[in-house]
Amino acid sequence: MDSTDIQHDQAAGRLPPLGPEFITGNDAAFWLHMQVSNKRDRVYGAVILKRADGRYLPTVPTAGNAGGFHFGSILKEDANVDLQAPEGYSVYALFTSRAGQSKARAAQVAHWSAAQRRLELSFFSMKGLAFVIEQRDFCPIYYLSGRYDSLIKYESSGSQEEQHFLSKLTASRESDEFEDLIFLINVTARVGVLRVVTPNKALGGKAGQIVEPWTINQAVAEVAQSLQAEPSTQVFRRWQDAIRSALPPLDAPTQASHFGYLLKDDAGEFVAKLPDAALKSIFDRAPPGMSLPKGRSKLSSGFYLQGIYASLARKDIPPVAGETWLAQSFLPPRAWRRRSPWPQPTSRTLSFTCAPTTARC
């Protein structure tokens, strides 16, 4: 699609193609974040739609320009220029990416450290925050794909304090003082709900809700980390496809083993959580220390824990003389000898599903 086509689509307000189905809004936003990837020459925008059955569907990211994105380019507007949800859906969230800094802004903050500049490009612009607060009756949630691999989420509260914050945002200009950026982040966390979905170092390296007082490189509190679930894949009909989607490509160099949760619903559909470092640590420990980490991911509505998948790096595969395929296709015996940390199931069976990096499931 060339620039002429893009401008035509924006002028028409035509809804872009829809992406896959997801079981949470965060999962849909993470998919959008990965679709944008390193395309940072301009701002990309999308909306996350919600169906009556509770599934979330993102629109494919659409290119804006270097300065911003106009949501009227992908959603219809009424006579008052208010955004309208597509028929059959509600709009769960707005999504944009961060482009690189303009030359003027880069010159304005040239005295900042590299880490400070990365933090600014990992956070909402003042105009973006003002827009989502103004639009809260239509859609109160806004995701931002940051310039340096981060994904954050803001949920508008509608409080009087937030309305006062809005008036300040619309009357202020971007400051060249780094302390003002830290102040902006802390006020945002106070007047609404501010979450790190996918962290980078400047945002503290941990996912969870930011609460004040907060500063650069500060990890969110442990209790906030425990309430933040790992992202999940899209919904699949086959468990093999869900697991394969959660893992690195088969031809990617693998330095470590991966463990994650596989979920299933009563309709027989599957999603896989992305590899979980805390779950992996369980299998790395010797008995009797094997136990589930505190605050493990909650199951999404309608889905239950079907099993655990494991993808073993070559260095972790125990040799079996004459039967290499066996070692590459099953968990090592030591994993099965350990006492199970889960209570005995009443109606559902907890199973292990192995997805080795050396063979397709």
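Residue numbers count from 1 along this sequence.
Taking both residues in full, the closest heavy atoms of L83 and Q135 are given as CD1-OE1, 4.0 Å, listed atom of the first, atom of the second, then distance. Shortest non-hydrogen contact noted between P61 and A46 is CA-CB, 4.3 Å. What you find for G204 and A219 is that their closest heavy atoms are O-CB, 3.4 Å. Considering every non-hydrogen atom in both T59 and L18, the closest pair reads CG2-CD2, 3.8 Å. Smallest separation of non-hydrogen atoms from A106 and Q101: CA-OE1, 3.8 Å. Taking all atoms of both residues into account, the shortest heavy-atom contact from L203 to S150 is CD1-CB, 3.6 Å.
K264 has no carboxylate O lying under 4.0 Å from a charged side-chain N of E269, or vice versa, which leaves the two without a salt bridge. We find that E212 and R190 are joined by a salt bridge, their nearest charged nitrogen and carboxylate oxygen being less than 4.0 Å apart.
Below 30°, between 30° and 60°, or above 60°: for H33 and F30 the angle between ring planes is between 30° and 60°, a tilted geometry.
In this structure, the side chains of L144 and L151 stay at 4.5 Å or more apart for every pair of heavy atoms. Looking at R55 and I23, their side chains come closer than 4.5 Å, going by heavy atoms from C-beta outward. Using a 4.5 Å cut-off on side-chain heavy atoms (C-beta onward), W239 and Q306 make no contact. Residues F22 and I48 are not in side-chain contact: their nearest non-hydrogen atoms beyond the backbone lie 4.5 Å or more apart. By the 4.5 Å heavy-atom criterion applied to side chains, Q209 and V193 are counted as neighbours. Between F71 and T96 there is a side-chain heavy-atom pair separated by less than 4.5 Å. Between P275 and K280, every side-chain heavy-atom pair lies at or beyond the 4.5 Å cut-off. At least one side-chain heavy atom of W112 sits under 4.5 Å from a side-chain heavy atom of E120.
Not one N or O on the side chain of S245 forms a donor-acceptor pair closer than 3.5 Å with the backbone of D241. Between the side chain of D27 and the main chain of S232, a donor-acceptor pair closer than 3.5 Å is present. A donor-acceptor pair is defined here as one N or O able to donate and one able to accept, closer than 3.5 Å; such a pair exists between the side chain of T170 and the backbone of S167. Side-chain N or O atoms of Y309 include one that pairs as donor or acceptor with a backbone N or O of K273 at under 3.5 Å. Without hydrogens or angle criteria, W214 side chain to Q218 main chain gives a donor-acceptor distance under 3.5 Å. No donor-acceptor pair closer than 3.5 Å links the side chain of Q234 to the backbone N or O of P20. Remark: side-chain polar atoms of T233 are paired, donor with acceptor, to backbone N or O of A272 under 3.5 angstrom.
A donor atom on one side chain and an acceptor atom on the other are found under 3.5 Å apart for Y143 and N26. The closest side-chain donor-acceptor pair between S156 and Y142, if any, does not fall under 3.5 angstrom.
The line from CD1 of I216 to NZ of K201 is 9.5 Å long, rounded to the nearest 0.5 Å. Remark: E77 CD to L75 CG distance equals 8.5 Å, nearest 0.5 Å. Taking CZ of R147 as the start and CG of L119 as the end, the distance is 15.0 Å to the nearest 0.5 Å. Taken to the nearest 0.5 Å, the CD atom of E87 stands 12.0 Å off from the CG atom of L15. Rounding to the nearest 0.5 angstrom, the gap separating the CD1 atom in I133 from the OG1 atom in T188 is 7.5 Å. A distance of 13.5 Å separates OG1 of T215 from CZ of F183, quoted to the nearest 0.5 Å.
Residues passing the salt bridge (Lys or Arg N to Asp or Glu O under 4.0 Å) test with D149, sequence neighbours excluded: none. Taking the salt bridge (Lys or Arg N to Asp or Glu O under 4.0 Å) definition, one finds that D82 meets it with nothing, sequence neighbours left out. A search for salt bridge (Lys or Arg N to Asp or Glu O under 4.0 Å) contacts involving R51 returns E21, D53, not counting sequence neighbours. By the side chain to side chain donor-acceptor pair (under 3.5 Å) test, Y44 is found to be paired with no residue, residues two or more places apart in sequence or in another chain being considered. Among residues two or more places apart in sequence or in another chain, the salt bridge (Lys or Arg N to Asp or Glu O under 4.0 Å) test is passed with E134 by none.
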Could you walk me through whether R40 and S145 pass the side-chain hydrogen bond (donor to acceptor under 3.5 Å, both in side chains) test, one step at a time?
CA-CA 10 Å; R40 301 293 169 169; S145 172; 2.8 Å; yes

With side chain to side chain contact (heavy atoms under 4.5 Å, CB included) as the criterion, how do F138 and R136 come out once you've worked through the C-alpha distance, each side chain's angles and the decisive distance to 0.1 Å?
CA-CA 5 Å; F138 173 70; R136 74 166 316 277; over 6 Å; no

Are Y261 and I308 close enough, and set up right, to give a side chain to side chain contact (heavy atoms under 4.5 Å, CB included), and what steps lead you there?
CA-CA 5 Å; Y261 297 104; I308 292 172; 4.2 Å; yes

For T24 and Y92: C-alpha separation, side-chain torsions, deciding distance, then whether side chain to side chain contact (heavy atoms under 4.5 Å, CB included) applies.
CA-CA 10 Å; T24 74; Y92 169 77; over 6 Å; no

Before giving the answer on side-chain hydrogen bond (donor to acceptor under 3.5 Å, both in side chains), spell out for Q84 and D78 the whole-Å C-alpha distance, their side-chain angles and the decisive distance to 0.1 Å.
CA-CA 7 Å; Q84 303 293 299; D78 63 14; 3.3 Å; yes

Starting from the C-alpha separation in whole Å, work towards a yes-or-no answer on side-chain hydrogen bond (donor to acceptor under 3.5 Å, both in side chains) for E174 and Q108.
CA-CA 10 Å; E174 288 183 316; Q108 191 178 20; over 6 Å; no

So H111 and D176, side chain to side chain contact (heavy atoms under 4.5 Å, CB included) or not? Walk me through it.
CA-CA 9 Å; H111 59 288; D176 62 357; 4.1 Å; yes

Distance-only criterion, 3.5 Å: show the donor-acceptor pairs between side-chain atoms of residues 122-131 and protein atoms not counting sequence neighbours.
from, atom 1, to, atom 2, distance (Å)
S122, OG, R118, O, 2.8
S122, OG, N200, ND2, 2.9
S125, OG, G128, N, 2.9

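Under a hydrophobic-cluster definition in which Ile, Leu, Val, Met, Phe, Trp and Tyr are linked whenever side-chain heavy atoms come within less than 4.5 Å, directly or via other members, V271 and L32 are assigned to different clusters. Hydrophobic cluster membership differs between Y56 and L94, with clusters built from Ile, Leu, Val, Met, Phe, Trp and Tyr side chains linked at under 4.5 angstrom. Placement of F69 and L49 within a single hydrophobic cluster is found when ILVMFWY residues are connected by side-chain heavy-atom separations under 4.5 Å, directly or transitively. A continuous path of ILVMFWY side-chain contacts below 4.5 Å connects V43 to V47, so both sit in one hydrophobic cluster.
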